[in-house]
Amino acid sequence: MKKQITIFDTTLRDGEQAPGFSMNLDEKLRMASQLELLGVDVIEAGFPIASEGDFKSVQAIANTVTSCKVAGLARTTKGDIDRAWEALKGARFPRIHTFIATSDIHMEHKLNKTREEVLADAVNAVKIAKSYCDDVEFSAEDATRSDPEFLYRILAAVIDEGATTINVPDTVGYALPQEFGELIKNILENVPNINKAVISVHCHNDLGLAVANSIIAVQNGAQQVECTINGIGERAGNASLEEIAMIYKIRHTEFDCDTSINTEQIYPASKLLSEVTKNEVQANKAIVGRNAFAHEAGIHQNGVLKNPLTYEIMTPQSVGLSSNNIVLGKHSGRRALSERIKALGFSFTKEEMDKIYTGFCKLADDKKVVLDTDLVNLSTKGATEPGKKFPQKIIQKYLNKNSL
């Protein structure tokens, strides 16, 4: 029996805090509905104290979502926690998520508080949150740069007060995988009441290690991963939900755990986020970038056309795409060109294809991508009997209408 990893999606909270990614209430509701279809376990809907708009968004999501837990973020102040509960109280499964920094650099320069003051604030916050709902998460901000002994102490104290999830954030993306795995292992060994809470991780991508750190944390005992669609978030972003989900799906024999994610809803979720935020995913983004299932090199195209498994470790359909994409450019070969021309409804002799291929190579040196309209032009010139090779309605579709 595989262990089920809780997927805590913070696209609507940490993700939205990335510059240029803010969403209004309607956009957040659309995303929340898609996240529910995607099968996430927890939706962190926002930071209710941050603004009236964020409060209303959290409230609306809490009153709409039925199959996921809905979390609201709060600092360790009564006002924050009261406001979070006011927004969350209509949820079927509400969670209050409270946090405070535990690293010396944050406590000294940001909070201007001693360790004892931070400890007292954390305990009091969990106590207040627990008076509102059973599901309370506590985050030790900047945990990876915190003194381990103080971290163990504060985690034990908040669990004693009723925290059901303790989150270990790599807030600034500083940790290396081996270090982060060791930290999770040490928490299991040094927090005496850790069996009463779920260990969660929240990794940032400043060094490009957010997903790797999340995976190794699970291998060392973490049971919840906090992540976002397209990996959006503060600075370089968060651990990418789609990458984590597909790692567990594709490499399932390597892990004794799984997620509840309906992977066929990954691409729709990614596209919706791009649509509502007006921020496109970078082309080479794993899983959801436009090049993730695109092939231009002739050797790769030949292999994929014969058997997609030669160069694709997952099917496009498994993440919600209808097919891969054979891109014709200067690196493409005869096989891909021939297949594309056949797909357009045409056939040629070997001599005609040789002529078309020569013209294609010259054009591909001048253009980044050769389009279907270009192929029709080339093919018309290359055919011995154009009238027989091309039905008039097809020529009009590509030339007169210039549909592509």
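Note that the structure is a prediction, hence the values are computed from the model and not measured. All residue numbers in this chain count up from 1 along the given sequence.
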- prompt: Any cation-pi pair here, R75 with F99, using under 6.0 Å and within 45°?
  reply: no
- prompt: So, are R235 and D206 salt-bridged, with charged N and O less than 4.0 Å apart?
  reply: yes
Short N-O contact, E275 and K271, less than 4.0 angstrom: no
message: For K249, I'd like to know if atom NZ has over 12 heavy atoms of other residues, nucleotides or ligands within 6.0 Å.
response: yes
- line: Output for pair (T11 OG1, E226 CD), nearest 0.5 Å, gives 11.5 Å
query: Would you find a donor on one side and an acceptor on the other, under 3.5 Å apart, between the side chain of S260 and the backbone of G39?
result: yes
message: Between S338 and M353, does the side chain to side chain contact (heavy atoms under 4.5 Å, CB included) criterion hold? Intermediate values first, please.
response: CA-CA 8 Å; S338 177; M353 276 304 303; 4.2 Å; yes
Neighbour count above 12 (heavy atom, 6.0 Å) for K110 NZ: yes
Salt bridge flag under 4.0 Å for residues E44 and K69: no
task: Sequence neighbours left out, what passes side chain to side chain contact (heavy atoms under 4.5 Å, CB included) with S67? Give chain and number order.
output: E36
- prompt: Do H97 and T165 come within less than 4.5 Å of each other through their side chains, counting heavy atoms only?
  reply: no
field: Ring-face cation contact, F47 with R13, 6.0 Å cut, 45° max
entry: no
- request: Using a 4.5 Å cut-off on heavy atoms from C-beta on, say whether the side chain of F138 contacts that of T98.
  value: yes
- request: Show your reasoning for whether side chain to side chain contact (heavy atoms under 4.5 Å, CB included) applies to R95 and T164.
  value: CA-CA 10 Å; R95 173 182 293 188; T164 49; 5.7 Å; no
- prompt: Tell me, which pairs form a side-chain hydrogen bond (donor to acceptor under 3.5 Å, both in side chains) where one or both residues lie in residues 359-371, sequence neighbours left out?
  reply: K367-D374
query: Salt bridge between D80 and R83, side-chain N to carboxylate O under 4.0 Å?
result: no
- prompt: So, are K285 and E242 salt-bridged, with charged N and O less than 4.0 Å apart?
  reply: yes
